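Keep in mind the model is a prediction, meaning the values are calculated, not measured.
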Amino acid sequence: MPSTSTRTGTRRTRRPRAATLRVALATGAVLAVTVGCSAQVVTDPAGAADNKPGGGTGTGVRIEPTEPASSSPSAEPAAASKPPATPSVKPSKSASEKPAPPKPKTVMASGAEGDQVRELQARLRQIAHFNRAPTGYYGSVTATAVSSFQAKRGLPRTGTTDTVTWQKLLGMTKKPTAAELRPPAAVKPAPKPDPRCMTGRVLCISKNSRSLSWMIDGKVLSTMDVRFGSQYTPTREGTFKVGWKSRDHVSTLYDTPMPYAMFFSGGQAVHYSADFAARGYSGASHGCVNVRDEKKIAALFDAVRTGDKVVVYK
């Protein structure tokens, strides 16, 4: 039976211990939730010693703190995924660079001969890059003239006439006339002939005037410019005869053409020289008498006979 007690004349009924313990449990649970702890009901073996006679169990209350909820996530967040790398695309050459222009084609170069070369020389002469009569042979003089023209017009100085150079020249000059292509030779007064030239059929050749006169019985029929050998291969002087002729001769010693050759002293001959036509007196022969006017030497070749006299003098 629950005991009763009287205090100061007032009777009060005492609440059983188990009921009081349940109230304490409920209150502790509320506090645990509030402060972040967990309340666990445990059976305490030692609780029996606390039981009072008349009831109660060994049940007690243990308040255990719980880990506060972490403000940070329990696991490290996965690294933020990077956007996929965009492969760098190099601009194509066609988009960023202009294709190199095609290399111009060669139209004429050193060693060429013919009417187109003659036209080139005449056009260059119109604009003061070629100071001689056109010869139709592309030699060093023509190459130098072409190079000079190219430098003046900002073109590569090659000395070769390519398509760019040719078109530029055509645009700056006019079509050469017949007189410009084949200007008449300047008439020079014939030098006084050597006395040995005054009789018979004679090739009268003067070193001082650098001329050859074709004479019959003292009368001059034609005159033409000539050049001679250098100091190392001089042209022999004296009176000779034409030993033999060769229209399309090629030197076996120097492997060079000697058209309209008329031999008068061993390997020395009067003949046409394309080099003389192109370079003028800046060059020399190997001892022969060079003629640069092809038409005149061709006519002379037909007129001269084997056995005709040849006089070479100063």
Is it true that a side-chain atom of [X] and a backbone atom of [Y] form a donor plus acceptor pair closer than 3.5 Å?
X	Y	value
Gln268	Thr235	no
Thr106	Met108	no
Thr144	Ser140	yes
Tyr260	Glu294	no
Arg157	Gln150	no
Ser285	Gly229	yes
Gln121	Thr135	yes
Arg123	Lys174	yes
Thr199	Asp217	no
Arg201	Ile216	no

Run the numbers on Tyr281 and Arg292 for side-chain contact (heavy atoms from CB on, under 4.5 Å), then give the verdict. CA-CA 10 Å; Tyr281 292 103; Arg292 61 181 172 186; 4.1 Å; yes
Per the salt bridge (charged side-chain N to carboxylate O under 4.0 Å, His left out) rule, what does the pair list look like for residues 241-267, sequence neighbours excluded?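 Applying salt bridge (charged side-chain N to carboxylate O under 4.0 Å, His left out) to every pair that reaches into residues 241-267, excluding sequence neighbours, yields Arg247-Asp302.
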Stepwise side-chain contact (heavy atoms from CB on, under 4.5 Å) check, Gln126 with Glu180: CA-CA 9 Å; Gln126 289 177 7; Glu180 287 176 320; 3.3 Å; yes
Where do [X] and [Y] come nearest, in terms of heavy atoms and distance?
X	Y	value
Arg182	Asp115	NH2-OD1, 3.5 Å
Lys309	Arg196	NZ-O, 3.0 Å
Phe264	Phe240	O-CB, 3.4 Å
Gly267	Arg236	N-NH2, 4.4 Å
His249	Ser251	CD2-N, 4.1 Å
Val242	Thr306	O-CG2, 3.5 Å

Quick check: is [Y] connected to [X] through a chain of hydrophobic side chains (ILVMFWY, heavy atoms under 4.5 Å apart)?
X	Y	result
Val146	Met172	yes
Val312	Met224	yes
Met258	Ile297	no
Val270	Tyr254	no
Phe276	Leu300	no

Any donor-acceptor N or O pair under 3.5 Å, side chains Ser148, His129: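 Yes - a donor-acceptor pair under 3.5 Å links their side chains.
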Spatial distance of atom CG (Asp225) from atom OG (Ser211) [nearest 0.5 Å]: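 So the CG of Asp225 and the OG of Ser211 are separated by 8.0 Å.
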Would you give the length of the straight line joining atom CG of Asp293 to atom OG of Ser273, rounded to the nearest 0.5 angstrom?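 It comes to 12.5 Å.
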Charged N-O contact under 4.0 Å between [X] and [Y]:
X	Y	answer
Asp194	Lys314	no
Arg227	Asp275	yes
Lys207	Glu237	yes

Show your working on ring pair (Phe, Tyr, Trp, His ring centres under 6.0 Å) between His271 and Phe263 and close with a plain yes or no. CA-CA 9 Å; His271 67 84; Phe263 290 88; 8.1 Å; no
Between [X] and [Y], is any pair of side-chain heavy atoms under 4.5 Å apart?
X	Y	result
Phe228	Asn290	no
Ile205	Val311	no
Val202	Asp308	no

With side chain to side chain donor-acceptor pair (under 3.5 Å) as the test, would you mind laying out the steps for Thr239 and Tyr313 before giving the verdict? CA-CA 9 Å; Thr239 302; Tyr313 65 100; over 6 Å; no
Set of disulfide (SG to SG under 2.5 Å) partners for Cys288, sequence neighbours left out: none
Can Val164 and Lys105 be said to form a side-chain contact (heavy atoms from CB on, under 4.5 Å), step by step? CA-CA 8 Å; Val164 175; Lys105 295 181 180 180; over 6 Å; no
Taking the six-membered ring for Trp, are the ring centroids of Phe130 and Phe149 within less than 6.0 Å of each other?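 When the ring centroids of Phe130 and Phe149 are compared, they turn out to be at least 6.0 Å apart.
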